[in-house]
Amino acid sequence: MWFRTNTAYGLFAVALLGFGGVLADEIDDTLEEAVKTPSAATPSSAAVKKPSFSPLAIKAPFYEQFTEDWESRWKISHAKKQNDKSGDEEWAYVGEWSVEEPTVLKGIEGDKGLVVKNVAAHHAISAKFPTPVDPKDKNLVVQYEVKLQGGLDCGGAYLKLLRENKDLHLEEFSNASPYVIMFGPDKCGATNKVHFIFNHKNPKTGEYEEKHLKAPPMAKITKLSTLYTLIVKPDQTYELKIDGKSAKKGSLLVDFSPAVNPEKEIDDPNDKKPADWVDTARIEDPDAKKPDDWDEDAPYEIVDEDAKKPEDWLEDEPQFIPDPTAEKPEDWDDDEDGDWIAPTVPNPKCEEVSGCGKWEKPMKVNPDYKGKWTPPTIDNPAYKGPWAPRKIANPDFFEDKTPSNFEPIGALGFELWTMNKDILFDNIYVGHSIEDAEKLEKETWAVKRQIEDEEDKANQPKTPEPTPVPSFKEDPVNYMINKFQLFLAVAQQDPVGALKEFPEVVGTLVAAVVTVFALLAGLISVFSAPTPVQKPAKNSAPASDEKPETKIQEAAEAESSGNEKPKATRRTSKKA
């Protein structure tokens, strides 16, 4: 029965693979053709009409479109990057910068931007404002474009608004240069966010502390131009926009960590919990006693004394018997090989009955089992509740109701480390007019973004027109091939949609995988029993006309056909 069942299962799997093999060959041919003709799937940049760049006239404290005179405003830093730990290796800002047109999805002819040129390098560049920007009692608007031409695997694309001071030397701009606001995208590993950090001055101590936006929005990782806008108003509210759409808004007094203002009261550091303070809510009942009939030693299971031996139980029959068809090999030497013992097989008399061999009563769960006794719990009469230290006035308390009154801003800089080059920055605006920022958005970013979208869409692989597909009954192979071709075309653009639109293709692929495993399982079952190899007779050698490999092959064939007799087992010790 074992042999017939597994053999039939394996043959059924082989039959399934007969069709699957033909289909697989056709699919391979289809994939080879797709590889040979990549232009069909990834066409070259489509011709999309582009306007020519023309500077937009906007008055602002700082406004940069990277025109031909950009070098008169921007200075590359050659300072050393300061490390937090002494003794660490010093890093120099050796990253190169360039002002050039984008090389990926160019939106406007002649429109240039500031580009990061090196990977795995520290970059630093900054531009001083003609006059410092004072945000006191005014809107502060910061807006700029980021174009990740090579993606963003690990690195930053944020800017810093530097604090105005007499020691502001752009050639020495570094990570240690004091800044007012840090804003923009940053991504590395699991980190993906748009930073909004501002430095707040403690009015009591004069020290500065970074305030980080809680739950910032995620950055957009795309090769299209992305617009980042930050608006801070004198009513202490802020709004962060991405591509002109609000991504997060709230209050400077609520949404930042650490909070702008400390707590009015703090825990008294000198207050200690009294020694007699009880904060245990429940205790074991001291009056509870273990019941007299509680037996902790009672076993979990006991013998079922009510069980009776089944009437068809063959107690005199063993579960295994020597194989009656086994024969002692002719070359068996009792002196060297020990006493020959026939291999055992399941007793056929036991297959149709409840069991064989000595019958014993089964075990059952002990109804008297209770386990270890523990007293119940009651409310603690001495419970006083959770202890907390008393509150005292915070000696460091202050209240700044207008954190939006940032200190004057004297320059803007990019201080970055990145594993991706060709990050492009453009159309930087720092000022007080929300309307001017929106005008810049509509007349620069929106224009180029529409062209980028059109070109990107035109460059996407075209989904082939569906051809008449024969029914499954008419031509099952070609039916599945055509479905698979459509599945591949759709999956390149929308994998999830392809799974939903072509469930029969997914089912076929799953069935193919299951079939392969079924065939392997069948074959492994057939050949799982070890094939005994005949021991060569003493002082004999194989005939010259018959190779040892041939004998082994014939033995395997005989085993699979059921003609060969089972071989005996040898004892581990020889007869004395």
Side-chain angles (χ1 to χ4, degrees), residues 1-17 297-369 514-537 551-576:
M1 178 65 70
W2 172 87
F3 175 78
R4 288 196 298 271
T5 301
N6 287 278
T7 303
Y9 189 62
L11 292 176
F12 175 70
V14 172
L16 286 176
L17 283 181
D297 298 325
Y300 177 73
E301 286 185 326
I302 59 175
V303 176
D304 186 0
E305 298 295 345
D306 298 329
K308 294 182 180 180
K309 181 175 69 175
E311 295 181 358
D312 62 345
W313 190 279
L314 303 178
E315 195 162 9
D316 296 331
E317 289 289 340
Q319 293 183 357
F320 294 91
I321 61 173
D323 187 354
T325 63
E327 296 180 359
K328 180 178 178 180
E330 295 179 359
D331 62 343
W332 190 279
D333 190 326
D334 290 341
D335 293 333
E336 290 192 6
D337 300 327
D339 293 338
W340 180 81
I341 300 175
T344 59
V345 295
N347 189 344
K349 295 181 181 181
C350 302
E351 294 182 358
E352 305 297 333
V353 297
S354 299
C356 295
K358 183 180 179 181
W359 181 82
E360 295 179 350
K361 291 183 178 182
M363 303 293 287
K364 68 175 185 179
V365 176
N366 185 1
D368 296 327
Y369 172 77
V514 173
T515 300
V516 171
F517 279 104
L519 177 61
L520 292 175
L523 294 178
I524 290 172
S525 299
V526 171
F527 295 106
S528 60
T531 303
V533 180
Q534 293 283 0
K535 179 180 177 180
K551 286 189 174 184
I552 294 174
Q553 179 64 25
E554 291 176 353
E557 293 175 355
E559 172 70 17
S560 62
S561 63
N563 295 331
E564 186 71 17
K565 299 293 184 181
K567 295 299 184 283
T569 58
R570 301 175 186 261
R571 285 187 173 179
T572 56
S573 61
K574 296 185 179 181
K575 183 175 68 175

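- Between the K361 side chain and the D304 main chain, no donor and acceptor come within less than 3.5 Å of each other.
- Residue pairs that meet the disulfide bond (SG atoms under 2.5 Å apart) test with at least one member in residues 327-361, sequence neighbours left out, are C350-C356.
- Here E352 pairs with nothing under the side-chain hydrogen bond (donor to acceptor under 3.5 Å, both in side chains) rule; sequence neighbours left out.
- The line from CG of D333 to CH2 of W340 is 15.0 Å long, rounded to the nearest 0.5 Å.
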Considering only distance and modelled atom types, tabulate donor-acceptor pairs under 3.5 Å from the side chains of residues 309-321, sequence neighbours left out.
unit_1 : atom_1 : unit_2 : atom_2 : d
K309   : NZ     : E315   : OE1    : 2.9
D312   : OD1    : S354   : OG     : 2.8
D312   : OD2    : S354   : N      : 3.2
D312   : OD2    : S354   : OG     : 3.3
W313   : NE1    : G357   : O      : 2.7
E315   : OE2    : W359   : N      : 3.4
E317   : OE1    : N347   : ND2    : 3.0
E317   : OE2    : K349   : NZ     : 3.3

Does the salt bridge (Lys or Arg N to Asp or Glu O under 4.0 Å) test come out yes or no for D334 and K328, once each step is laid out?
-> CA-CA 11 Å; D334 290 341; K328 180 178 178 180; 3.1 Å; yes
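- Shown here for I302 and P367, the closest heavy-atom pair between the two residues is CD1-CD, 4.1 Å.
- Residues P299 and N366 approach most closely at O-ND2, 2.9 Å, considering heavy atoms.
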